[in-house]
A.B. asks: 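Submitted below is the structure of interest, expressed as structure tokens.
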Amino acid sequence: MSKLLENPEAQQDADDQEVAQSEAPLMEHLVELRQRLIYSLVAVAVLFVACFFFASQIFNILLGPFERAVGNIEDVELIYTAPQEFFFTQLKVALFSAIFLAFPVIAIQIYRFIAPGLYKRERRAFLPFIVATPILFILGASLVYFGVMPLAMKFFISLEQTGSGQASIQMVTRVSEYLSLTMTLLLAFGFCFQLPVILVLLATAELISSDNLKSWRKYAIVGILTLAAFLTPPEPMTQLGLAVPVFLLYELSILAVRLVERSRKPLESETDSSN
């Protein structure tokens, strides 16, 4: 070390050698990352083209909550006020559907990118999270489609004003605005339903514990209510439709984290005994 300090050139050579040793693995990781991104983008692009041909049918499926709110599909009326509006709406529908359908491919590419850096036990522990993520997202989206969105549309329709002796006020929805509301709720519920996955991952990394989650419960309630008020329309039933399931998932996460802690104890005892 003293020789390096006395000789700046030797220090520079040592630094250059260290950079050269780390450069190859870094480049390999970047090449691998580029390859995984290309696979994911190709999957999204292929599915986007396929979904665009069925964009109208997909949009009609998304009209299901509106139909249940009014009771008859023939009474559902939407408009577009610009010539290109419905075309761009179809593009958004196709892109949204493509990303949703390509999620298994994207998840596999993420797993294959990070798996070489994990131990065998860690790879086995990571796989359930990849399976649980789309399942929880579909559960959240299903809650929106079959429960929350029809309630929200009924509330908005109830604000209409009809009858003699007063001005007639009717809700005539634009296709782009309906799609925006539907996608916002689907994504909001889908991502909020990932709470157990995130908390269990943090517990697996020993960043949080079940005691932490129990002590944070009152703050979690305030945060969940605030998030629900921010992400959903200003309608109490819709906000509770998000807040209540997410709080139940928080309580479920506490139980899941406790199971992780119990499964960790035998491994820690084996490590202590071997030492």
A.B. asks: Locate the shortest heavy-atom distance separating Ala69 from Ile157; write the atom from each residue and the value.
C.D. replies: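 Answer, listing the atom of Ala69 first, then Ile157: CB-CD1, 4.2 Å.
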A.B. asks: Any side-chain heavy atom of Leu242 within less than 4.5 Å of one from Leu185?
C.D. replies: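 The answer is no; the side chains never approach within 4.5 Å.
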A.B. asks: With side chain to side chain contact (heavy atoms under 4.5 Å, CB included) as the test, would you mind laying out the steps for Val105 and Ile108 before giving the verdict?
C.D. replies: CA-CA 5 Å; Val105 177; Ile108 291 173; 5.8 Å; no
A.B. asks: Are Asn212 and Ser215 close enough that a side-chain donor and a side-chain acceptor fall under 3.5 Å?
C.D. replies: no
A.B. asks: With a 4.5 Å cut-off on side-chain heavy-atom distances among I, L, V, M, F, W and Y, is there a chain of contacts connecting Ile135 to Phe189?
C.D. replies: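 Same cluster: Ile135 reaches Phe189 through Ile, Leu, Val, Met, Phe, Trp or Tyr contacts under 4.5 Å.
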A.B. asks: Indicate, with yes or no, if Ile106 and Leu41 share a hydrophobic cluster defined by side-chain heavy-atom contacts under 4.5 Å among Ile, Leu, Val, Met, Phe, Trp and Tyr.
C.D. replies: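 In one cluster with Leu41: Ile106, no.
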A.B. asks: Would a 4.5 Å heavy-atom cut-off, applied to side chains only, mark Leu187 and Phe137 as touching?
C.D. replies: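 Yes, close enough: below the 4.5 Å cut-off.
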A.B. asks: Got Tyr80 and Thr89 here, is their nearest side-chain heavy-atom distance under 4.5 Å?
C.D. replies: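 With C-beta onward as the side chain, the pair stays apart.
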A.B. asks: For residues Phe86 and Arg174, determine if any side-chain heavy atom of one lies less than 4.5 Å from a side-chain heavy atom of the other.
C.D. replies: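 The answer is no; the side chains never approach within 4.5 Å.
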A.B. asks: Look at the side chain of Arg68 and the backbone N and O of Tyr145, then say whether any donor-acceptor pair between them is shorter than 3.5 Å.
C.D. replies: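 At least one qualifying donor-acceptor pair exists.
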A.B. asks: Does any non-hydrogen side-chain atom of Thr173 lie less than 4.5 Å from one of Ile79?
C.D. replies: no
A.B. asks: Step by step, work out the side chain to side chain contact (heavy atoms under 4.5 Å, CB included) result for Phe66 and Glu77.
C.D. replies: CA-CA 10 Å; Phe66 203 163; Glu77 180 182 358; over 6 Å; no
A.B. asks: Hey, quick one: are Val76 and Leu181 part of the same hydrophobic cluster, counting side-chain heavy atoms closer than 4.5 Å, chains of contacts allowed?
C.D. replies: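 Yes; Leu181 is reachable from Val76 via cluster members.
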A.B. asks: Nearest 0.5 Å, what's the CG-CD distance between Asn60 and Glu67?
C.D. replies: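 Reported to 0.5 Å precision, the distance equals 10.0 Å.
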A.B. asks: Please determine whether the number of non-hydrogen atoms from other residues, nucleotides or ligands lying under 6.0 Å from atom CZ of Phe103 exceeds 12.
C.D. replies: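 Yes, because the 6.0 Å sphere around CZ of Phe103 holds more than 12 heavy atoms from other groups.
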A.B. asks: Let me see the working for Phe48 and Leu91 under side chain to side chain contact (heavy atoms under 4.5 Å, CB included), right down to the final yes or no.
C.D. replies: CA-CA 8 Å; Phe48 172 76; Leu91 289 178; 3.8 Å; yes
A.B. asks: Only distances under 3.5 Å count here; give the side-chain donor-acceptor pairs of residues 192-202 to other protein atoms, sequence neighbours excluded, each with its distance to 0.1 Å.
C.D. replies:
| from | atom 1 | to | atom 2 | distance (Å) |
| --- | --- | --- | --- | --- |
| Gln194 | NE2 | Thr133 | O | 3.1 |
| Gln194 | NE2 | Gly190 | O | 3.1 |

A.B. asks: Enter the distance from Gln84:CD to Gln90:CD here, rounded to the nearest 0.5 Å.
C.D. replies: 12.5 Å
A.B. asks: Using distance alone, with no hydrogens and no angle criterion, decide if Ser168 and Gln161 have a side-chain donor and acceptor under 3.5 Å apart.
C.D. replies: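 Their side chains do not contain a donor-acceptor pair, so the 3.5 Å distance test is not met.
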A.B. asks: Looking only at heavy atoms, which two atoms of Gly241 and Val148 are closest? And how far apart?
C.D. replies: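 Scanning both residues, the minimum pair turns out to be CA-CG2, 4.1 Å.
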A.B. asks: Could you check whether any side-chain N or O of Tyr250 sits under 3.5 Å from a backbone N or O of Pro245, counting only pairs where one atom can act as donor and the other as acceptor?
C.D. replies: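 The answer is no, because no donor-acceptor pair under 3.5 Å joins these two groups.
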A.B. asks: Minimum heavy-atom separation for Val93 to Ala55, with atom names?
C.D. replies: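 That closest heavy-atom pairing would be CG1-O, 3.9 Å.
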A.B. asks: To the nearest 0.5 Å, what is the distance between OG on Ser209 and CD on Glu261?
C.D. replies: 5.5 Å
A.B. asks: Please report the closest heavy-atom contact between Phe54 and Ala50, naming both atoms and the distance.
C.D. replies: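 Taking every non-hydrogen atom into account, CD1-O, 3.1 Å.
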A.B. asks: Indicate whether the side chain of Gln109 and that of Ser40 have a donor and an acceptor atom separated by less than 3.5 Å.
C.D. replies: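 Absent: no donor and acceptor within the cut-off.
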A.B. asks: If you define the side chain from C-beta out and look only at heavy atoms, does anything of Leu95 sit under 4.5 Å from Lys92?
C.D. replies: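 Heavy-atom side-chain distance check fails, nothing below 4.5 Å.
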A.B. asks: If I take atom CD from residue Gln57 and atom SG from residue Cys51, how far apart are they, to the nearest 0.5 angstrom?
C.D. replies: 11.0 Å
A.B. asks: What I'd like to find out is whether the side chain of Thr238 reaches to under 4.5 Å of the side chain of Phe155, using heavy atoms alone.
C.D. replies: no
A.B. asks: Look at the side chain of Glu160 and the backbone N and O of Met171, then say whether any donor-acceptor pair between them is shorter than 3.5 Å.
C.D. replies: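 It does hold such a pair.
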A.B. asks: Is Phe156 reachable from Leu62 through a run of I, L, V, M, F, W or Y residues, each pair having side-chain heavy atoms under 4.5 Å apart?
C.D. replies: yes
A.B. asks: Quick check with a 6.0 Å cut-off and a 45 degree axis cone: is Arg112 positioned over the face of Tyr39's six-membered ring?
C.D. replies: no
A.B. asks: Counting C-beta onward and ignoring hydrogens, is there a side-chain heavy-atom pair between Gln35 and Phe113 closer than 4.5 Å?
C.D. replies: no
A.B. asks: Hey, mind stepping through Ile138 and Phe100 against side chain to side chain contact (heavy atoms under 4.5 Å, CB included) and telling me if it holds?
C.D. replies: CA-CA 10 Å; Ile138 291 173; Phe100 182 79; 4.0 Å; yes
A.B. asks: Do Leu63 and Val172 sit in one hydrophobic cluster, given that two such residues count as connected whenever their side-chain heavy atoms are within less than 4.5 Å of each other, even indirectly?
C.D. replies: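 Result: no, two separate clusters.
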A.B. asks: Donor-acceptor pair, Ser180 side chain versus Glu177 backbone, under 3.5 Å?
C.D. replies: no
A.B. asks: Calculate, to the nearest 0.5 Å, the distance between atoms CZ and CD1 belonging to Arg217 and Ile224 respectively.
C.D. replies: 10.5 Å
A.B. asks: How long is the span from the CZ atom in Arg258 to the OG atom in Ser253, to the nearest 0.5 Å?
C.D. replies: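 Output value for this atom pair is 12.0 Å.
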